[in-house]
Amino acid sequence: AALTADADGDGMPDKFEVDYGLDPTFDDAQDDADGDLFTNLEEFLIPSDPTDIDDPEVTRFVAADGCSACEYPTGGTANNPWSLVFGLSQLDTQPGGERSQLLLDPGEYIGDIVMTPNSTLKGLPFDVYNLGQVNFDNQVVITGTIQGAEGAAIEDIILQRPESATNTVLLTMDNVDMNVSGTAFIGLDGQTFTGILTLGAAPGNATIEGSTFTLLDIGLDIEGVIPT
């Protein structure tokens, strides 16, 4: 019973909270002690260390005006974030390797992105079903296209078509298994554009959820196995 006692009823046993320096008398389940955007409760359930920013995923920070030539630990921190392209270049690129996440500060990121395996681009949650009420200035907006990668993920991002673009697909999943959640795909009125293009068998294991498609000729173009 001592191992499962939960004095504050927040879903985390007292022993877990004491071991990691949390407060067993206060409901801090939804707090984020290490700033990695995993709540304390999520880290208990994983399980991972709620006070280690690199557990369960290596975590680095990115800003639209971030540093483009400063390796970690000089760059990639909350106080000195990387640029998005440079940040992706610094992550582990081996399939099946250590998972990494880039936490994007609000702002507009202009340019096409090539993701690396096992990487996550994570923005800030917003009402993806009510974009008219969303202040884009306070969100993560990528104006460009994304080439997906095996094991990669995109969360809570607004992905919009640039006014001039040669690529007609916002997100291409070319025979890769990746996850997309809480993302708004936005095209331009009167122009032919596709939100997501999936190719091959690997996207059959992909997950696309809680996302919307606006001003696009085609929202989801499946040329292979259907994602879940």
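Values below: all heavy atoms of this structure, side chains included; hydrogens, waters and symmetry mates excluded.
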Atom [atom1] of [X] and atom [atom2] of [Y]: how far apart are they, to the nearest 0.5 Å?
X: Asp31; Y: Glu43; atom1: CG; atom2: CD; answer: 12.0 Å
X: Met173; Y: Thr198; atom1: CE; atom2: OG1; answer: 6.5 Å
X: Phe61; Y: Ile53; atom1: CZ; atom2: CD1; answer: 3.5 Å
X: Leu199; Y: Asn175; atom1: CG; atom2: CG; answer: 8.0 Å
X: Ile196; Y: Thr183; atom1: CD1; atom2: OG1; answer: 8.0 Å
X: Thr25; Y: Asp10; atom1: OG1; atom2: CG; answer: 9.5 Å

Looking at [X] and [Y], what are the two nearest heavy atoms and their distance?
X: Leu188; Y: Glu163; result: CD1-CA, 3.7 Å
X: Pro50; Y: Asn40; result: CB-OD1, 3.9 Å
X: Gly123; Y: Leu37; result: O-CD1, 4.1 Å
X: Gly11; Y: Phe44; result: O-CE2, 3.4 Å
X: Ala153; Y: Arg99; result: CB-NH2, 4.4 Å
X: Ser48; Y: Pro56; result: OG-CD, 3.5 Å

Donor-acceptor check, side chain of [X] to backbone of [Y], threshold 3.5 angstrom: yes or no?
X: Thr59; Y: Glu57; value: yes
X: Ser68; Y: Ser83; value: no
X: Asp49; Y: Thr51; value: yes
X: Asp156; Y: Phe126; value: no
X: Thr192; Y: Asp217; value: no
X: Asn80; Y: Cys67; value: no
X: Asp27; Y: Ala29; value: yes
X: Asp221; Y: Leu197; value: no
X: Asn205; Y: Asp177; value: no
X: Asp32; Y: Asp36; value: yes

ILVMFWY cluster, [X] and [Y] together (side-chain gap under 4.5 Å):
X: Leu215; Y: Ile218; answer: no
X: Val141; Y: Ile154; answer: no
X: Leu121; Y: Phe86; answer: yes
X: Leu171; Y: Ile222; answer: yes
X: Val128; Y: Val140; answer: no

Phe185 and side-chain contact (heavy atoms from CB on, under 4.5 Å): which single residue from Thr214, Val180, Ile157 fits?
Val180
Show your reasoning for whether side-chain contact (heavy atoms from CB on, under 4.5 Å) applies to Leu170 and Arg161.
CA-CA 7 Å; Leu170 286 174; Arg161 182 193 191 281; 4.2 Å; yes
Just so I know, are the side chains of [X] and [Y] near enough to count as touching, which here means a heavy-atom distance under 4.5 Å?
X: Thr143; Y: Pro162; answer: yes
X: Met12; Y: Tyr20; answer: no
X: Glu98; Y: Asn118; answer: no
X: Leu84; Y: Leu102; answer: yes
X: Ile158; Y: Ile186; answer: yes
X: Asp14; Y: Asp6; answer: yes
X: Asp8; Y: Glu17; answer: yes

Does a side chain donor of either Ser181 or Glu155 reach within less than 3.5 Å of an acceptor in the other side chain?
no
Please verify the inter-ring angle class for Tyr72 with Trp82; under 30° counts as parallel, over 60° as perpendicular, anything in between as tilted.
perpendicular
With salt bridge (Lys or Arg N to Asp or Glu O under 4.0 Å) as the test, would you mind laying out the steps for Asp54 and Arg60 before giving the verdict?
CA-CA 9 Å; Asp54 288 330; Arg60 301 292 180 260; 2.9 Å; yes
Verdict with supporting geometry, Val85 and Ile113, side-chain contact (heavy atoms from CB on, under 4.5 Å):
CA-CA 7 Å; Val85 172; Ile113 302 300; 4.1 Å; yes
